[in-house]
Structure formats: C-alpha cells, structure tokens
Amino acid sequence: MTADSQIMIDVNRVSKFFGTFQALNDVSFTVRDGEKVVIIGPSGSGKSTILRSINRLETIDRGKITVHGMDVCDPKVDICKVREEVGMVFQSFNLFPHKTVLENLTLAQTVVRKRNKSDAEEIAMELLRKVDISEKAYAYPAKLSGGQQQRVAIARSLAMNPKAILFDEPTSALDPEMIGEVLDVMKNLAREGMTMIVVTHEMNFAREVADRVIFMDHGKIVEEGTPEHFFTNPTHDRAKLFLSQIL
Amino acid sequence: MTDNTTSNKSIDVGEGAAIPHKSDSGLFTAWRIAFFGAIGLCLYLAFGKPDSYMAIFKFIPDGIVVTFKVTIGSILLAIVFGLIAGLGRISTNRFINGLASLYVEIIRGVPLLVQLFYIYYALGRFVKLPDMFSAIIAMAFCYGAYMAEIFRAGIQSIPKGQMEAALSLGMSRSQAMRQVILPQAFKVVLPPIGNEFIALLKDSSLVSILAVSDLLRRGREYASETFSYFETYTVIALIYLIMTLFFSKLIGIMEERLNDGR
C-alpha cells in the first residue's frame, strides 16, 4: 500500500457508551483507498460496534469519523450519501424476504441511484454471475442456503458501486461447509482492489487477505499491524492469549 | 401503553367470531352447524311460514346493503387512521409519538357507543354531513385506535436487520419503511385486520341509533309497525350470524393462502 493513497475512512478518538458500559474507548485508525483491514477480537470487544458506527447504524458519544471527507456524525451531512458509498454485509444476511434475489439487487439501485429498471437488472445479473448464483435470480431468499444468501447480500451491496464495504462477521452464521464459498467471493473482491473492513474470526482469511490486522479488547485497540507481525509475533499478552485460544 | 409484561402467562382469546382453523376441528364443525343451520332455518322460515316471515325478508335487504357500506367504509378509513397512528406510535419524534399514544389511550378508554354519540354530534356542530358519512367517520375513528396497535405490533415484528440493511444501502427511513418494512408488515397484520373487520361488522349495528338505516334499524322499523318483535329479531340475528360466519371463513381461507405462499 502506497503511503500517498487517499484516506478513505478516518476514525479519530471514538468513544461510545451503552448506559454505563463503555463499548468503545478512544479508538483511532485510518483506512486508505484500496486497503483491506481485518478487525479481530473476543466477543464484546467493540469490533462490531466500531464497524456499525462508520455508517452511523450506531451513534458515537465522543470523537469523529469521516468517510471520504464526509463527517459521519455531523447532522448536517446527509447520512444517506455516506451509506451510498459504504456498503455493508451483515452476519444475518438481511436479504429482503418479500423480494426475489434479482429484486433485492435492483431495489436500492432504482430507489436510491435512480437507475431505470432494465439498467438495474442488467447490473444485477452481471453481479449475480460474478458471485456465481445467477441461476437463482428469480428465487426468493428463503429458498437459498445460508452461503448463497450471503453471496447475494454481497452482490446487493456491490450493486450500489460502493467505494468501500464493511463486513460484520459475514461467515459467523454459516454452516462450516458454506464458509468457503463466501470467503472466495470476498477474496476476489479484495484482489480487485475493493476497500474492505472485515470483522471476522476467520484467521486464515485475515492472514491471506489483510493488509493490516487490528486486534480489539474491551473497546480498545490493543494491537495493530501486518498479519505476519500479528500472527507470528504479537507484542501484547492479551493478543497472545487470544491467538493461543483460537488457533 | 401498559402492555402486559408483568406476567408472562397469557391466554389468547379472540374477540368476535373465531376464524376457524383446520386443526381446531371442534370449532370447524361448530362453524358448519351454525352456518348451514342458520341458512336452513332462514329458508324454512321464509318458505315454511311465509305469513309471518316472508314480509320481513322482503323488508330488510336495504338494511343489509347499508350495513355493508358502513362496515367497508369504516374498515378502509380505519386502516388509514390506524396506519398513521401506528407509525406515530413508533416515531422517535416525541410530539408525534405523544399525540398518537394519546389518541390510542383515549379512544380505547371510552365505550364505543358513547364515542359514536359523541363524535356524531360533535361533528354535527361544525359540518353537516350525510348521516351515513358521519357514522363511518365515527366508527373509523374508534377502530383506528385498535388498528394503530395492530400496525405498531406488525411493524415491530419485522427484524431490526431489515431496516438496517435498507438504510445501509442508502435508503432514507421513509423509503425503507415503504419499500421494505410495510410490505412485510402488511402480511403480518392481515389476519388481525380480518378479525377487526368481523368485529366491526357486528359493531356496525350500533350506528342504527344514529339515524342510519342499517340492518338492525330496518328491523326495528318493521317491528314497531307490525309488533312482530320476536319474528323480526330472529331474522336479524340469523342474518348477522350468516354474515359473520361467512366472512370469518373467507378470511380464514385468505390467511391459509397467504401462509402457503412464500
């Protein structure tokens, strides 16, 4: 990653409380254009919360987050504009069950991007071919396996031509034999240069794809570095303990 | 709203004619006996005892039409009121939320008959509307409050992730509501709205006190002329029964179709 490439997402000294529980504690990091960052950590460490704060699905109490120069927390900034640029893939897929696979991909294109129906469908079909599920275009999500649903969800996100995609534990709800097909799609995206922030427990994926690994615990970034550094020689005891438990 | 959260034991007793479900075989056969029995009895009275009953059957059909007009008009308007108030009840705007909650609380705390009188005569002080129109507005205003709770519950039954997914695609809250949440919620609220329809069909008899010539009022008119009270109200009761049983069956079938689909 070249140092002069543009900063895409900037998280600056962010804190958040749920009641008295501090979910995020002074979290800062930046993601440059084209960079792939993997966030790992034990459950309850705040990794999903920080991801969801980037497109304001969670509000933050202190600090500042900018996406492509837009201040996410500024009420004057149209949050829809930020969300158009930053796709999100959820653990539970969240496909729209009352719409076909194809309609899932065309809905936001027509409603938000104002594309006409045939253009939107053309783009949708191309993306469905890309995630290798075009034969299910006219099926409803309930007829698809978890892995297929998650691939559709990734395609739905791509249909908006986002500049970055946030993945919130995209494989955690999947049966083991379906994890591979979703990770393959994500690896392809990474190769094409998509900017990605991925919260995951898939350590092999992190090792293979990440430019940088961020390890969080108790709402704090404990360790940040290249995958080689993190997996072979973590400096922090908490990170060592976590790796010894998970690997 | 004080929802019943203090006790986790709850029983579910529907008001009005129960929608028969296949698994509930006792009710299912009871439905058959009541429905075909009522039709049979009507036919017997009309043709077996034409001297006392034929005239009644000829006198009241106008009233059936009015009852239908009032019921259908009221349910449609109540759905509009209910949707608006239901959306108000889940609004994060405190003023809108407060207003919608107040409407629901007040309406549900006053007997329907009292409300009908009140709204009918309150409306009459400001505008001169046809009687049936005032009655429909009054009924819809009352039922809208119950409908609001159905819509609120229906919308809240849709998983949070659906709204999040729509928002994260760049949709506004109202776009997400229209395109993603409400189409799913409508499917959920259809059965309870069906129940409300049947309850409303029966409660529509209350408008007979407001100079609206519905089924019950036509019966009263006939009876007071002929003094054949028993015969008239027998027929009126049978016709209401046939109507509610017919519609509860129809709604049951609709619901089944809906569940068979995706």
Side-chain angles (χ1 to χ4, degrees), chain A residues 48 51-52 54-59 78-100 103-114 138-144 149 152-168 173, chain B residues 5 79 82-83 86-87 90-97 150-194 251 253-262:
Chain A
S48 282
L51 198 73
R52 289 162 56 83
I54 291 171
N55 65 358
R56 212 207 276 170
L57 287 181
E58 303 282 354
T59 54
D78 183 4
I79 188 64
C80 296
K81 290 273 170 273
V82 176
R83 288 170 177 156
E84 281 176 41
E85 306 303 331
V86 184
M88 181 138 191
V89 175
F90 300 87
Q91 181 178 351
S92 51
F93 329 133
N94 295 348
L95 293 180
F96 307 136
H98 61 302
K99 302 220 173 258
T100 63
E103 288 164 345
N104 263 274
L105 267 71
T106 55
L107 179 64
Q109 289 191 67
T110 50
V111 171
V112 180
R113 289 268 192 243
K114 309 289 181 205
Y138 299 99
Y140 283 91
K143 301 273 182 243
L144 272 56
Q149 288 192 49
V152 171
I154 294 171
R156 178 175 70 174
S157 168
L158 288 171
M160 296 296 287
N161 305 106
K163 295 190 167 64
I165 302 189
L166 313 172
F167 292 86
D168 189 4
Chain B
T5 46
I79 286 172
L83 183 55
L87 287 169
I90 54 166
S91 169
T92 47
N93 181 313
R94 284 175 76 173
F95 177 73
I96 294 173
N97 193 313
I150 293 174
F151 276 111
R152 179 189 61 79
I155 290 167
Q156 287 177 339
S157 75
I158 307 303
K160 219 172 80 216
Q162 290 290 309
M163 176 56 97
E164 290 183 348
L167 292 179
S168 73
L169 288 165
M171 287 188 223
S172 68
R173 226 159 233 290
S174 66
Q175 283 172 337
M177 197 48 98
R178 279 198 310 274
Q179 302 284 347
V180 176
I181 307 298
L182 285 181
Q184 295 182 60
F186 271 121
K187 217 175 117 175
V188 180
V189 300
L190 222 51
I193 285 181
I251 289 162
I253 292 170
M254 255 169 54
E255 200 184 334
E256 232 168 71
R257 286 263 168 87
L258 213 65
N259 289 337
D260 285 349
R262 54 180 187 266

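Every chain is numbered from 1, with letters handed out A, B, ... down the list of sequences. Because only heavy atoms are used, hydrogens play no part in the values below, and waters and symmetry mates are left out as well, while side chains stay in. Quantities reported herein were computed from a predicted structural model and do not represent experimental measurements.
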A:L107 vs B:V180, test: side-chain contact (heavy atoms from CB on, under 4.5 Å). Steps then yes/no. CA-CA 9 Å; A:L107 179 64; B:V180 176; 3.9 Å; yes

Select one option (side chain, backbone, both, neither) describing which atoms of A:L95 are under 4.5 Å from chain B's heavy atoms. backbone

Heavy-atom closest pair, residues A:F96 and B:A165: CE2-CB, 4.0 Å

If one checks every heavy atom of A:F90 against chain B at 4.5 Å, the contacting part turns out to be side chain

Check whether A:V89 gets within reach of chain B through its side chain, its backbone, both or neither, counting any heavy atom under 4.5 Å. neither

Considering only heavy atoms from C-beta outward, does the side chain of A:P97 approach that of B:Q184 to under 4.5 Å? yes

Identify which part of A:S157 has an atom lying under 4.5 Å from any heavy atom of chain B, answering side chain, backbone, both or neither. backbone

What closest approach, in Å, do B:G170 and A:C80 show between heavy atoms, and which atom pair accounts for it? O-CB, 3.5 Å

A:I165 side, atom CD1; B:S168 side, atom OG - distance, nearest 0.5 Å: 10.5 Å

Using non-hydrogen atoms and a 4.5 Å limit, figure out which bit of B:A176 sits close to chain A: side chain, backbone, both or neither. neither

How long is the span from the CE atom in A:M88 to the CG atom in B:L169, to the nearest 0.5 Å? 11.0 Å

How about A:R52 and B:E164: do any of their side-chain heavy atoms sit closer than 4.5 Å? yes

Is it true that a side-chain atom of A:N94 and a backbone atom of B:G161 form a donor plus acceptor pair closer than 3.5 Å? yes

Contacting region of A:V111 [heavy-atom separation from chain B under 4.5 Å]: both

Atom pair CD/CD of A:E103 and B:Q179 - distance to nearest 0.5 Å: 10.5 Å

